[in-house]
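Letters go in sequence order (proteins before strands), and every chain restarts at 1.
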2 protein chains.
Amino acid sequence: MKLKDLSELLNLSPTTVSRALNGYPEVSEATRRRVREAAETHGYRPNVRARSLATGRAMAIGHVIPLSSKHEMMNPVFTDFIAGAGEVYAAQGYDMLLTIVPDELQEQTYRDLRTNGSIDGLLVHSPKLAEQRIHLLNEIGIPYVVHGRASDCNEPYAWVDMNNTHAFRRATDLLLDLGHRRIALVNGLADMDFAIRRQAGFEEAFAARGLDTDPALIAGEEMTEMFGHEAARAFLAQPDPPTAFLVSSIITALGVRRAIGETGLRLGRDVSIVTHDDDLSYLQNRGDVPMFTATRSSVRDAGRHAARILIDMVENPAAGLRQALLEAELILGQSTGPRLQSAAE
Amino acid sequence: MKLKDLSELLNLSPTTVSRALNGYPEVSEATRRRVREAAETHGYRPNVRARSLATGRAMAIGHVIPLSSKHEMMNPVFTDFIAGAGEVYAAQGYDMLLTIVPDELQEQTYRDLRTNGSIDGLLVHSPKLAEQRIHLLNEIGIPYVVHGRASDCNEPYAWVDMNNTHAFRRATDLLLDLGHRRIALVNGLADMDFAIRRQAGFEEAFAARGLDTDPALIAGEEMTEMFGHEAARAFLAQPDPPTAFLVSSIITALGVRRAIGETGLRLGRDVSIVTHDDDLSYLQNRGDVPMFTATRSSVRDAGRHAARILIDMVENPAAGLRQALLEAELILGQSTGPRLQSAAE
DNA sequence: GACTCACCCCAAAGCGCTTTGGATGCGGTT
DNA sequence: AACCGCATCCAAAGCGCTTTGGGGTGAGTC
């Protein structure tokens with residue numbers, strides 16, 4: 001069933017039918033109703049391709065997921081982020097176009113998507129400290145929103161980010177308040193912007209008390225469970241092991257907890273963990289007393305925010321860039337406790 | 001830069017340029033080269049919408065992710081599945097269209113995607129035991145591949161699945177061989193097809209030895225860490241607690257392990273776990289001795305398979321339905337050991 | 001009754017591409 | 001020299017929609 005068929009069926013011109021369905025005022029309410037009903041009963045759906053060819057709008061948002069050839073790792077956070085974004089897209093009539101692309105092909109992909117005409121806007125994931133993509137996208141000239149920020153980039157861009165520095169500042173303060181001094185930071189990859197901000201918050205808290213962080217207690221890698229396990233094992237094997245861990249992902253924190261368990265220490269008594277918690281649907285850190293003390297910030301919410309901002313920019317190009325800084329809440333769970341005095345002290 | 005511009009630039013007709021770029025034989029090799037080079041240097045990319053309007057092919061595959069309103073849970077397995085599928089799509093020039101849709105809107109979504117013209121084929125996720133979607137899609141008439149199967153469906157359809165029954169049969173046999181008799185099954189949602197097959201394999205192994213499973217030791221829910229924790233806690237609190245757990249997801253298994261740890265039991269000695277392992281990139285169960293004994297089957301591989309099959313069906317409609325049954329491998333890890341004799345025996 | 005003015009509606013062009021059905025020119029045959 | 005066949009190329013139609021620029025009709029006005 002296409003527009004023409006429907007119009008013939010109704011003894012109307014395609015013009016009128018199109019206008020009726022798209023809510024233009026040049027058509028009487030009676031006709032509009034008649035058209036709407038006919039469209040409904042005959043299951044007419046406008047061909048998206050034809051429409052977007054005619055309007056110049058793709059009604060689609062692209063998500064480009066870079067897949068580093070080294071790690072081949074899909075960020076688990078991604079699932080919930082697109083769930084949030086997808087919700088908004090669906091509500092606004094947009095499609096989501098997902099492209100998973102090796103790091104080295106990214107530039108071409110962005111350019112193609114643009115000239116292709118297959119999307120109206122882009123969502124950029126996993127920004128690094130110095131993010132060339134922003135420059136590229138500004139040059140290409142397509143609306144986009146970055147999930148996260150790029151500290152070393154001084155060009156303007158729209159973003160949605162969590163207040164990483166502040167969250168980790170608070171988390172560190174908590175551990176320091178509990179008496180911990182040997183605190184290990186188990187972070188994400190060192191060139192990721194969020195990881196750098198988190199480390200900054202960590203160091204800020206130490207500095208504010210005139211204390212120093214120990215570089216030997218800082219590690220950064222892809223945030224897998226295995227990495228958390230390995231890093232924690234290594235830290236705990238040091239002569240002067242940490243009494244607390246600050247971890248960047250709840251998945252990594254599970255690995256840290258495993259290592260702690262293997263060492264025979266008790267979590268929340270002998271050793272503390274504070275982790276960031278993206279509030280993933282399959283890994284919820286909830287309950288009367290959540291298993292982890294955590295800085296929580298829903299990544300699904302971030303997805304919703306980003307999608308809304310992006311659509312707004314697409315539909316309203318004059319409005320300018322928009323940003324949103326989401327705050328994390330500090331959740332007290334079972335994984336923290338005051339530092340135990342060692343026998344020597 | 002559009003086709004017409006390029007053709008004027010080259011003093012050729014749009015026809016010839018189109019043919020040259022698309023590899024039609026009606027154009028001389030010299031011209032083809034000239035056109036290709038010009039296209040390259042001027043960064044010409046055909047407009048996907050216009051092309052697909054003309055050809056009738058969308059060059060896009062749709063993935064529809066049902067989001068149950070009850071659970072609002074994104075399956076973490078999904079991340080790696082689409083990573084695999086996306087790889088294949090990219091290589092074959094297809095786009096991936098992702099739609100996240102509440103359960104109740106699914107039917108309309110499928111119909112729309114079809115009549116919309118925005119996709120050439122569909123990937124169906126998370127089939128349940130009795131899957132109405134298959135009937136619907138057969139009726140709609142669009143190529144699709146199901147990730148998983150629907151046991152209660154006797155219509156023909158293409159699928160890619162893991163051999164769930166066999167995997168869990170083997171896993172159960174292993175535990176039985178180790179002397180375990182009280183084995184708990186911590187499964188996925190009871191109406192999911194894979195969960196039913198896994199339970200079947202579980203029961204099959206018992207039956208083959210003339211043993212009975214205990215319904216009080218079977219639980220099924222969304223496979224979150226929390227569920228694993230709660231289910232295991234409840235089982236361990238029973239008067240005659242299980243000495244082994246068979247778990248459907250490594251994430252759930254982490255919860256089970258947590259519960260075991262809390263009870264003061266030692267994993268691999270006092271209690272055993274065998275889990276299914278989808279080989280998620282961020283939760284790898286590897287190393288000299290992996291942390292979990294597991295039935296491993298890469299869901300990313302499954303994604304690749306499914307994508308290949310689907311594209312094949314799209315480009316080659318006459319070829320008929322295709323299926324692929326992937327076998328899991330049994331990995332021995334640290335989480336299993338022989339059943340300890342209790343003092344009473 | 002002629003005129004204006006809304007109000008509804010339509011024909012046709014156009015979005016950027018593919019594809020059908022020729023047209024053209026050239027070397028080779030007879 | 002006329003003819004044929006082949007290799008190259010092109011004009012124009014068409015994919016399904018939106019949108020521009022009218023055109024007809026009836027009520028209201030003088």
Exercise. Can you check salt bridge (charged side-chain N to carboxylate O under 4.0 Å, His left out) on B:R111 and B:E139, steps first, answer last?
Worked result: CA-CA 10 Å; B:R111 289 194 188 283; B:E139 178 202 321; 3.3 Å; yes

Exercise. What do the steps show when you test A:E29 against A:R32 for salt bridge (charged side-chain N to carboxylate O under 4.0 Å, His left out), and what is the final call?
Worked result: CA-CA 5 Å; A:E29 271 315 311; A:R32 190 191 306 284; 3.0 Å; yes

Exercise. Does the salt bridge (charged side-chain N to carboxylate O under 4.0 Å, His left out) test come out yes or no for A:D112 and B:R45, once each step is laid out?
Worked result: CA-CA 7 Å; A:D112 285 2; B:R45 300 278 147 183; 3.1 Å; yes

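Remark: P of C:dC9 and CG of A:L10 are 11 Å apart, rounded to the nearest angstrom. Between the CZ atom of B:R49 and the P atom of C:dG16 there is a distance of 14 Å, rounded to whole Å. To the nearest angstrom, C1' of D:dC17 lies 12 Å from OH of A:Y24. If you take CG of A:L3 and P of D:dC17, they are 5 Å apart, rounded to a whole angstrom. The separation between B:R32 atom CZ and D:dC9 atom C1' is 13 Å, rounded to whole Å. Rounded to whole Å, the distance from NZ on B:K4 to C1' on D:dA11 is 13 Å. To the nearest angstrom, C1' of C:dT20 lies 11 Å from CD of B:E26. Distance, B:L53 CG to D:dT18 P: 12 Å, rounded to whole Å.
Contacts of B:N11 with the nucleic acid, taken as non-hydrogen atoms under 4.0 Å apart, involve only primed sugar atoms and P, OP1 or OP2. When heavy atoms are screened at a 4.0 angstrom cut-off, B:S52 is found touching no nucleic acid atom at all.
Ion pairing between a basic and an acidic side chain is recognised when a charged N comes within 4.0 Å of a carboxylate O; B:R133 and B:E107 show no such pairing.
The side chain of B:N47 contributes no N or O atom lying less than 4.0 Å from OP1 or OP2 of C:dC15. At D:dC15, none of the side-chain N or O atoms of B:T55 fall inside 4.0 Å of OP1 or OP2 (strictly under the cut-off). Contact annotation: A:T16 side-chain N/O to C:dC10 OP1/OP2 distance is under 4.0 Å. Applying the 4.0 Å criterion to OP1 and OP2 of D:dG16, one finds that A:R51 has every side-chain N and O outside that range. Listed pair A:S18 / D:dT18 meets the phosphate criterion, a side-chain N or O lying under 4.0 Å from OP1 or OP2.
Judged as a salt bridge (Lys or Arg N to Asp or Glu O under 4.0 Å), and not counting sequence neighbours, the contacts of B:R304 are B:E87, B:D301.
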Mind listing the N/O atom pairs, protein and nucleotides 21-25 of chain C, below 3.5 Å?
residue : atom : partner : partner atom : Å
C:dG21  : O6   : B:R19   : NH1          : 3.4

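Of the possible donor and acceptor atoms, none in the side chain of B:N316 sits under 3.5 Å from a partner among the backbone N and O of B:D312.
Using the six-membered ring where Trp is involved, A:Y89 and A:Y94 have ring planes that are tilted, between 30° and 60° apart.
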